[in-house]
Amino acid sequence: MLDLKLMQNNPEKVRESLKKRGSSIDVQEFATLDEKRKTLIAEVEQLKAERNKVGPEIAKRKRAREDVSDLLERMGQVAERIKTLDAELAEVQAEEKEWLMAVPNIPAEDTPVGKSEDDNPVLRYWGEKPEFGFAPKEHWELGVELGGFDFERAAKLTGSRFVVSKGWAARLERALATFMLDTHLEEHGYSEVIPPFIVNKNTMTGTGQLPKFEEDLFKLRDTEYYLIPTAEVPLTNLYSGEVLDESQLPMLLCAHTPCFRSEAGSYGKDTKGLIRMHQFMKVEMVNLAHPDHSYEALETMTAAAEKILQKLGLHYRVISLCTGDIGFSAAKTYDLEVWLPGQEKYREISSCSNCEDFQGRRANIKFQPKDSKKKEFVHTLNGSGLAVGRTLVAVLENYQQEDGSIIVPEALRPYMGGLEVIKG
RNA sequence: GGAGAAGUGGCCGAGCUGGCUGAAGGCGCACGCCUGCUAAGCGUGUAUAGGGGAAACUCUAUCGGGGGUUCAAAUCCCCCCUUCUCCGCCA
């Protein structure tokens with residue numbers, strides 16, 4: 001949510017931001033609503049002031065056994081007028097709030113301007129594409145041949161976009177997750193959290209999934225509960241409605257959770273393998289940061305995610321999402337794209353964003369600065385560290401051998417009982 | 001799932017036979033004074049959001065959330081949520 005004051009005082013900036021994002025939202029609509037709201041408030045508050053003033057007067061005269069019928073009559077009218085005005089005001093405020101809640105965050109100054117994902121600049125590469133003396137296979141071929149993935153039975157149990165991992169694949173996935181968590185806890189200062197995987201509407205609204213993106217979520221029937229699409233949601237909202245001490249910042253939280261996505265509108269995309277699933281595991285990092293340091297924190301968080309890929313020896317590149325591709329709540333986002341030799345493509349494996357105070361305002365997360373009376377909104381950052389399923393994909397494709405076996409990256413061997421090669 | 005109790009400001013805790021309570025009192029915290037040494041005392045201040053105002057300031061709303069009764073609700077009524085106790089069930 002944007003600052004109401006910004007909307008009022010600098011609509012030009014908001015208009016510009018929306019244009020960069022390719023949004024069709026009209027700022028003038030808001031200005032009209034806001035004017036209407038102010039007019040209504042002025043009238044209704046004046047009447048309420050009168051009501052509050054006359055109330056004690058009625059009590060006083062009653063106690064003196066004086067006649068109060070004239071006041072009662074007048075106040076009856078006032079009450080009625082207040083009621084209708086309050087109703088009108090509530091409507092305007094709801095509209096205004098709905099409007100505000102639908103406006104995306106303002107991109108950071110250095111977020112590149114562009115129309116689509118094709119305009120995202122590559123910032124850097126790490127490592128090199130591995131050389132194969134044969135045609136590398138895609139992960140789903142390797143996984144199925146080695147008996148690790150069972151898509152047919154997953155389809156039987158549930159439907160499309162699910163997988164059953166068995167044996168080495170299940171253990172490798174668990175190994176990856178534990179390796180990631182351990183790295184973030186021991187080397188990057190994060191605290192591990194196991195949050196609820198089901199959250200309510202309010203929580204989903206705090207991070208920006210609702211009200212605009214309900215169709216991307218799984219909602220539990222007959223409730224206002226949703227399955228989390230990412231641990232960003234429960235982690236960022238952990239301190240919603242609270243005021244943190246400045247000394248608690250930055251608050252570094254890390255969780256390994258399942259993520260559930262309806263993938264509405266992605267029919268035909270990535271239909272094979274485990275790139276795009278309705279359910280996948282992810283290690284997520286969240287930082288509730290001091291506004292003065294949130295952009296340093298974004299670099300640090302991105303570096304933490306990169307560290308995982310580096311330890312696994314996986315070639316990747318870092319891109320900066322442009323204004324046309326950046327997420328609703330984010331001001332600036334770096335994506336990590338890992339090289340998949342089977343697909344011969346770089347694929348997103350992590351996304352690290354600084355949302356500035358956009359979510360902090362929505363979820364009402366503040367902190368008390370030492371040297372100021374005024375409480376401020378925290379800046380929130382979130383980043384995958386990493387998407388576990390996709391990391392498994394990357395390991396399989398990058399570490400495959402001609403005979404179809406997979407070398408276990410050294411960093412994972414302690415988590416795999418010392419296993420060096422997966423042969424099925 | 002059944003039966004009861006409770007939810008007030010940073011915390012504790014009054015108020016709950018409707019108006020004089022944005023809310024006593026205490027604690028904590030901040031600043032000042034006194035004193036002078038790791039204490040006590042005194043004074044002042046100590047919520048959030050919105051409207052008006054250059055500002056001082058002023059008005060409105062908020063006593064778990066929502067709705068209702070009333071000229072007027074922390075106080076009465078209804079629904080929901082959460083917590084605690086007891087019973088049942090269960091990992």
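Sequence lines set the chain letters: A, B, ... in the order given, protein chains first and strands last, and positions in each chain run from 1.
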(request) Quick one: list whatever passes salt bridge (charged side-chain N to carboxylate O under 4.0 Å, His left out) with Arg261(A), sequence neighbours left out. (result) none
Note, [X] side chain near [Y] side chain (heavy atom, < 4.5 Å):
X         : Y         : answer
Lys282(A) : Thr230(A) : yes
Tyr226(A) : Glu214(A) : yes
Leu312(A) : Leu176(A) : yes
Val44(A)  : Leu89(A)  : yes

(message) Show me the pairs that pass ring pair (Phe, Tyr, Trp, His ring centres under 6.0 Å) and involve residues 15-61 of chain A, at least two apart or across chains.
(response) Phe30(A)-Trp99(A)
In whole Å, what separates the [atom1] atom of [N] from that of [M]?
N       : M       : atom1 : result
rU75(B) : rG88(B) : P     : 37 Å
rG10(B) : rG18(B) : P     : 29 Å
rA14(B) : rG9(B)  : P     : 13 Å
rU21(B) : rA72(B) : C1'   : 14 Å
rA6(B)  : rC76(B) : P     : 11 Å
rA40(B) : rG22(B) : C1'   : 32 Å
rA23(B) : rG15(B) : C1'   : 9 Å
rC77(B) : rA55(B) : P     : 45 Å

(message) By the salt bridge (Lys or Arg N to Asp or Glu O under 4.0 Å) test, which pairs, at least two apart or in different chains, include something from residues 173-200 of chain A?
(response) Glu187(A)-Lys311(A)
(message) Test: salt bridge (Lys or Arg N to Asp or Glu O under 4.0 Å). Region: residues 5-21 of chain A. Which pairs qualify, not counting sequence neighbours?
(response) Glu12(A)-Arg15(A)
Check the distance between [N]'s [atom2] and [X]'s [atom1] and give it to me in whole angstrom.
X         : N       : atom1 : atom2 : value
Glu88(A)  : rG51(B) : CD    : P     : 18 Å
Gln368(A) : rA30(B) : CD    : P     : 12 Å
Asp3(A)   : rG50(B) : CG    : C1'   : 13 Å
Asn200(A) : rU82(B) : CG    : C1'   : 12 Å
Asp67(A)  : rC71(B) : CG    : P     : 15 Å
Phe367(A) : rG10(B) : CZ    : C1'   : 18 Å
Ile58(A)  : rA73(B) : CD1   : P     : 11 Å
Lys374(A) : rA30(B) : NZ    : C1'   : 18 Å

(request) Test Asp119(A) against Lys115(A) for salt bridge (Lys or Arg N to Asp or Glu O under 4.0 Å), laying out the working first. (result) CA-CA 6 Å; Asp119(A) 302 320; Lys115(A) 280 193 166 58; over 6 Å; no
At under 4.0 Å, does any side-chain N or O of [X] touch on OP1 or OP2 of [N]?
X         : N       : result
Arg37(A)  : rG50(B) : no
Lys375(A) : rG10(B) : no
Lys201(A) : rC81(B) : no

(request) List the steps and the verdict of side chain to side chain contact (heavy atoms under 4.5 Å, CB included) for Thr380(A) and Val286(A). (result) CA-CA 7 Å; Thr380(A) 63; Val286(A) 159; 5.8 Å; no
(message) Return whichever of Ala59(A) or Lys366(A) has its heavy-atom-nearest nucleotide of RNA chain B closer to the 5' end.
(response) Ala59(A)
(request) Starting from Watson-Crick (N1-N3 plus N6-O4 or O6-N4) and G-U wobble pairs under 3.5 Å, report the runs of at least three that RNA chain B belongs to. (result) B:1-7 with B:81-87, B:10-12 with B:25-27, B:28-33 with B:41-46, B:47-52 with B:57-62, B:64-68 with B:76-80
Interface residues of [range] with RNA chain B (non-hydrogen, below 4.0 angstrom):
range                       : result
residues 69-82 of chain A   : Leu72(A), Met75(A), Ala79(A)
residues 235-250 of chain A : none
residues 4-13 of chain A    : Lys5(A), Gln8(A)

(request) Examine distances only and state if a side-chain atom of Arg361(A) and a backbone atom of Met1(A) form a donor-acceptor pair shorter than 3.5 Å. (result) yes
(request) Indicate yes or no for a side-chain donor-acceptor contact from Asn237(A) to the backbone of Val233(A) under 3.5 Å, with no hydrogens or angles considered. (result) yes
(message) Aromatic contact between Phe197(A) and Phe260(A), with the criterion being ring centroids under 6.0 Å apart: yes or no?
(response) no
(message) How would you summarise protein contacts on nucleotides 56-66 of chain B per nucleotide, using B for base, S for sugar-phosphate only and - for none, with heavy-atom distances below 4.0 Å?
(response) ---BBS-----
(request) Indicate, with a heavy-atom threshold strictly under 4.0 Å, whether Lys60(A) touches base, sugar-phosphate, or nothing. (result) nothing
Taking only distance into account, with no hydrogens and no angle test, what donor-acceptor pairs under 3.5 Å do side-chain atoms of residues 161-168 of chain A form with protein atoms, sequence neighbours excluded?
| unit_1 | atom_1 | unit_2 | atom_2 | d |
| --- | --- | --- | --- | --- |
| Arg161(A) | NH1 | Lys269(A) | O | 3.2 |
| Arg161(A) | NH1 | Asp270(A) | O | 3.2 |
| Arg161(A) | NH1 | Arg276(A) | O | 3.2 |
| Arg161(A) | NH2 | Ser266(A) | O | 2.9 |
| Arg161(A) | NH2 | Lys269(A) | O | 3.0 |
| Trp168(A) | NE1 | Leu146(A) | O | 2.9 |

(request) Please identify each residue that fulfils side-chain contact (heavy atoms from CB on, under 4.5 Å) with Pro291(A), with sequence neighbours left out. (result) Phe367(A), Glu376(A), His379(A)
(request) Check Val199(A) against Pro234(A) and note the closest heavy-atom contact, atom names and distance. (result) CG1-CB, 4.3 Å
(message) Testing the basics here: between Met416(A) and Ala175(A), what is the closest heavy-atom pair and its distance to 0.1 Å?
(response) SD-CB, 3.7 Å
Only distances under 3.5 Å count here; give the side-chain donor-acceptor pairs of residues 67-77 of chain A to other protein atoms, sequence neighbours excluded, each with its distance to 0.1 Å.
| unit_1 | atom_1 | unit_2 | atom_2 | d |
| --- | --- | --- | --- | --- |
| Asp67(A) | OD1 | Ser69(A) | N | 3.4 |
| Asp67(A) | OD1 | Ser69(A) | OG | 3.3 |
| Asp67(A) | OD2 | Ser69(A) | OG | 2.9 |
| Asp70(A) | OD1 | Arg61(A) | NH2 | 3.1 |
| Arg74(A) | NE | Glu50(A) | OE2 | 3.1 |
| Arg74(A) | NH2 | Glu50(A) | OE1 | 3.0 |
| Arg74(A) | NH2 | Glu50(A) | OE2 | 3.1 |

